[in-house]
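Given the structure is predicted, the values throughout are model-derived calculations rather than measurements. For this chain, numbers begin at 1 and follow the sequence in order. Just so you know, these numbers use all the heavy atoms, side chains as well, and skip hydrogens, waters and symmetry mates.
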Amino acid sequence: METVSENAAFGGIQGVYRHASSSTNCDMTFGLFLPEEVKDGPVPILWYLSGLTCTHENAMTKAGAQSWCAEQGIAIVFPDTSPRGAGVADDDAYDLGQGAGFYVNATQDPWAPHFQMWDYITEELPALLGEHFAIDLDRQAITGHSMGGHGALTMAMNLPGRFRSVSAFAPICHPTGSDWGRKQLNAYLGDDESRWATHDASLMMQEKGFDGPILVDTGTADQFLDLLKPEALAQAAAARRQQSTLRMQPGYDHSYFFVSTFMEDHVAFHAEALYQD
C-alpha cells in the first residue's frame, strides 16, 4: 500500500492511500482520517460513500467531517466511487462507468472485470484497514450522499450486524423506480429485475429493515428530488415501523453546502451508536 499524502488535521491525521485491489483489478485510492485517540488503541470507524462523479477527495475536502469525527474520537474513511484507469470500462455519460459504480458487483460486460464495488467496500477495504491501521472493526457505522446514500442504506440492510447505525444525505431511495437506478442496474446487473432488488433501499426496507437507528436528511430544494424518491423510503419505513428519523430540510439542495450543514448531526448520531456497550 502506498501513502499518497498525510496531513495533520484536528489533532489527528488525514491520509490518502493507494493500493492494488484484487476486487476491482486496478489501483484504488481512499482517504482516511484517524483521530488522535488512535495513539491509544483501535478506534471506531464511520464509512462515507460518495455520489456520482465523485472521487475519494470530494467529501474529504468539502464535507467538514474531520472536525466532528475528531471531537468524537472516530475514524472516517472516504473510498472512491468506482474503479479507474486506462483499462477500465467507461461511458460518455456522467452517471455510468468511472465515477458511477453504484456500489454493486457488475455481472455484465464490459463492466464485470472491474466494477466489483460491493465486494471492494464490504470485504477488501475493511480487511485492509484492519490490517494496516488501528481500526476497531467491531464498531462500524456507515453514511453516504446521493449514490453513496443508496450504497450505505443497502449495505446496512443486507449485512445485518455489520453496522451499528446508518445515515444518508439525499440518498437515491428507490433506484428500481428511478432513472437514477434503472439505467445503471440494467447496465451492471442485466435486465433480470429480480437481481436489482437487493440494491434498492425502499425494497430492502420492506423486506428486511435495519436492526438499529437510521437518519436520513434530504433538502426540499434538491434539484434531483424526483430521482431520489425519499417518499418511497418513508412509506416503507412507516409500514415496517422501523426505528428511523427521516427529515426534509427546508430550502437545502443537493450540494456539499447541504452535506456540511448537517454533518455534525450525523457524526453525533453515529457516535452514540458506536460507543454503546
Would you call [X]-[Y] a salt bridge at under 4.0 Å N-O?
{"X": "E57", "Y": "K62", "answer": "no"}
{"X": "R18", "Y": "D27", "answer": "no"}
{"X": "D200", "Y": "R182", "answer": "no"}

Check the angle between the aromatic planes of [X] and [Y] and answer parallel, tilted or perpendicular using the 30° and 60° thresholds.
{"X": "F133", "Y": "F30", "result": "perpendicular"}
{"X": "W180", "Y": "Y94", "result": "perpendicular"}
{"X": "H270", "Y": "H266", "result": "tilted"}

Donor-acceptor pair, distance only, cut-off 3.5 Å: does the side chain of [X] make one with the backbone of [Y]?
{"X": "Q66", "Y": "F10", "result": "no"}
{"X": "D90", "Y": "Q98", "result": "yes"}
{"X": "N58", "Y": "C54", "result": "no"}
{"X": "H145", "Y": "P171", "result": "no"}
{"X": "E37", "Y": "I74", "result": "no"}
{"X": "Q242", "Y": "F210", "result": "yes"}
{"X": "S178", "Y": "L227", "result": "yes"}
{"X": "R195", "Y": "N186", "result": "no"}
{"X": "R164", "Y": "A271", "result": "no"}
{"X": "D119", "Y": "N105", "result": "no"}

When every non-hydrogen atom of L46 is compared with those of C69, the smallest separation belongs to CD2-SG, 4.5 Å
Side-chain heavy atoms under 4.5 angstrom apart, residues restricted to Ile, Leu, Val, Met, Phe, Trp, Tyr: same cluster for [X] and [Y]?
{"X": "M157", "Y": "L49", "result": "yes"}
{"X": "V4", "Y": "I76", "result": "yes"}
{"X": "L233", "Y": "F169", "result": "no"}
{"X": "V43", "Y": "F163", "result": "yes"}
{"X": "V267", "Y": "W47", "result": "no"}

Within 6.0 angstrom of [X] [atom1], more than 12 heavy atoms from elsewhere:
{"X": "D191", "atom1": "CG", "answer": "no"}
{"X": "F257", "atom1": "CZ", "answer": "no"}
{"X": "D179", "atom1": "CG", "answer": "no"}
{"X": "E272", "atom1": "CD", "answer": "no"}

Do you see a donor-acceptor pair shorter than 3.5 Å between the side chains of [X] and [Y]?
{"X": "N25", "Y": "H114", "value": "no"}
{"X": "T220", "Y": "Q249", "value": "no"}
{"X": "Q223", "Y": "D253", "value": "no"}

In this structure, OH of Y256 is separated from OG1 of T261 (nearest 0.5 Å) by 13.0 Å
Legend entry - Output field: ring centroids W111/Y188 closer than 6.0 Å: yes
ask   = Mind checking whether F262 and Y252 have ring centres under 6.0 Å apart?
value = yes
Side chain to side chain contact (heavy atoms under 4.5 Å, CB included) with Y17: of E6, E2, H132, only one passes, and it is E6
- [ ] For E193 and T176, run side-chain hydrogen bond (donor to acceptor under 3.5 Å, both in side chains): C-alpha distance rounded to whole Å, both residues' side-chain angles, the deciding distance at 0.1 Å, then the answer.
- [x] CA-CA 8 Å; E193 295 190 21; T176 64; over 6 Å; no
Determine whether R162 and D211 satisfy the following criterion, salt bridge (Lys or Arg N to Asp or Glu O under 4.0 Å), listing intermediate values before the conclusion.
CA-CA 10 Å; R162 171 73 65 90; D211 186 20; over 6 Å; no
Quick one, P35 and E71 - any side-chain contact, counting heavy atoms below 4.5 Å?
no
Are N7 and I13 close enough that some pair of their side-chain heavy atoms sits under 4.5 Å apart?
no
- Do Q116 and S23 pass the side-chain hydrogen bond (donor to acceptor under 3.5 Å, both in side chains) test, and can you show the C-alpha distance, the side-chain angles, and the key distance before you say yes or no? CA-CA 6 Å; Q116 304 296 309; S23 301; over 6 Å; no
- Task: Tell me, with the steps shown, if H254 and D222 meet side-chain hydrogen bond (donor to acceptor under 3.5 Å, both in side chains).
- Result: CA-CA 5 Å; H254 202 70; D222 194 307; 2.6 Å; yes
